[in-house]
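To keep things clear, I will list the structure first and then write my remarks on it.
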Amino acid sequence: MRELDPIVLLAVFQEMLGAPLLWLLIILCIVTPLAFITLLLRERRLVSSHMLYSQAAGLLGGGLALVLMARVSSSGFTDAGGPADWLLIGLIFGLGLIVTTLTLYSIAGWTQALRRSSQPPLSE
């Protein structure tokens with residue numbers, strides 16, 4: 001395999017994860033950053049309490065990404081032999097942490113924004 005073919009990668013991931021989970025993860029990886037960036041442009045700031053809770057839950061998301069990796073692959077954490085294996089494990093944890101953090105922050109931010117917009121204005 002001299003070239004990196006995206007269609008081959010898609011076929012491999014579909015075989016490993018199954019079609020529903022693969023497409024759910026692809027949609028999540030596309031929608032989450034868009035929702036986060038749109039929320040930042042709308043509010044023009046980060047809400048520290050939302051970010052703190054999202055980052056704490058992101059640690060759990062990173063751990064769940066590692067559990068998912070162990071379930072879909074034929075090897076476990078004890079089979080990691082070289083630096084490339086440990087780098088891949090770190091990358092999977094990091095991506096799980098980032099996607100979980102952005103997803104939860106976006107959900108919290110958009111929930112608060114929609115709640116504020118649906119409240120009637122205060123009359124004097």
Side-chain angles (χ1 to χ4, degrees):
M1 187 169 159
R2 294 184 186 258
E3 298 178 11
L4 186 61
D5 189 11
I7 301 300
V8 172
L9 284 176
L10 181 65
V12 169
F13 286 132
Q14 188 168 352
E15 183 67 30
M16 288 175 67
L17 296 170
L21 183 58
L22 173 68
W23 292 110
L24 176 70
L25 290 175
I26 289 174
I27 289 169
L28 188 66
C29 288
I30 292 171
V31 170
T32 295
L34 290 175
F36 179 73
I37 290 169
T38 307
L39 182 65
L40 281 181
L41 292 174
R42 185 177 191 271
E43 296 196 343
R44 292 187 166 86
R45 67 185 177 101
L46 283 173
V47 179
S48 60
S49 61
H50 292 173
M51 185 56 81
L52 181 68
Y53 294 127
S54 299
Q55 287 175 342
L59 293 172
L60 181 63
L64 290 174
L66 290 176
V67 169
L68 179 66
M69 177 206 64
R71 290 210 143 210
V72 300
S73 67
S74 61
S75 60
F77 298 111
T78 58
D79 298 328
D85 294 336
W86 290 106
L87 178 65
L88 184 61
I89 289 171
L91 285 172
I92 290 170
F93 179 82
L95 286 174
L97 183 138
I98 290 168
V99 170
T100 303
T101 300
L102 292 181
T103 301
L104 294 177
Y105 184 88
S106 298
I107 290 171
W110 281 111
T111 302
Q112 186 179 27
L114 293 174
R115 199 175 292 146
R116 272 190 311 236
S117 68
S118 67
Q119 291 177 349
L122 297 174
S123 60
E124 294 182 22

ask   = Looking only at heavy atoms, what is the nearest atom pair of A65 and G96, with distance?
value = CB-CA, 3.9 Å
Closest heavy-atom pair and its distance - E43, G109 = OE2-O, 4.1 Å
ask   = Between CD1 of I107 and CZ of F36, what distance do you get to the nearest 0.5 Å?
value = 13.0 Å
key: Atom pair CG/CE of L91 and M69 - distance to nearest 0.5 Å   = 11.0 Å
key: Interatomic distance, L66 atom CG to L97 atom CG [nearest 0.5 angstrom]   = 10.5 Å
ask   = For H50 and L104, what are the C-alpha separation, side-chain angles and deciding distance, and is it a side chain to side chain contact (heavy atoms under 4.5 Å, CB included)?
value = CA-CA 8 Å; H50 292 173; L104 294 177; over 6 Å; no
key: Any donor-acceptor N/O pair, T32 side chain to C29 backbone, under 3.5 Å   = no
S106 versus A35, closest heavy-atom pair with distance = OG-C, 3.9 Å
inquiry  = Show the nearest heavy-atom pair for residues L40 and R45, with the distance to one decimal.
reply    = CD2-O, 3.6 Å
In one Ile/Leu/Val/Met/Phe/Trp/Tyr side-chain cluster, 4.5 Å: L39, L46 = yes
task = Group every Ile, Leu, Val, Met, Phe, Trp and Tyr by side-chain heavy-atom contacts under 4.5 Å, then state whether I98 and V47 land in the same group.
result = yes
task = List the steps and the verdict of side chain to side chain contact (heavy atoms under 4.5 Å, CB included) for L60 and T100.
result = CA-CA 8 Å; L60 181 63; T100 303; over 6 Å; no
query = Are L34 and W23 connected in a single hydrophobic cluster, I mean Ile/Leu/Val/Met/Phe/Trp/Tyr linked by side-chain heavy atoms less than 4.5 Å apart?
reply = yes
task = Kindly say whether Q55 contributes a backbone atom to a donor-acceptor pair with the side chain of Y105 at under 3.5 angstrom?
result = no
ask   = Atom CG in L22, atom CD1 in I27: separation rounded to 0.5 Å?
value = 9.5 Å
remark   = dist L102:CG -> I37:CD1 (nearest 0.5 Å) comes out at 8.5 Å
ask   = CG/L64 to CZ/R71 distance, rounded to the nearest 0.5 angstrom?
value = 11.5 Å
inquiry  = With a 3.5 Å distance limit and no angle check, can you tell me whether S118 reaches the backbone of R115 through a side-chain donor-acceptor pair?
reply    = yes
query = Do L10 and L68 belong to the same hydrophobic cluster, where Ile, Leu, Val, Met, Phe, Trp and Tyr are linked whenever their side-chain heavy atoms lie under 4.5 Å apart, directly or via other members?
reply = yes
query = Is there a chain of hydrophobic side chains (I, L, V, M, F, W, Y, each step under 4.5 Å between heavy atoms) that links L25 to I30?
reply = yes
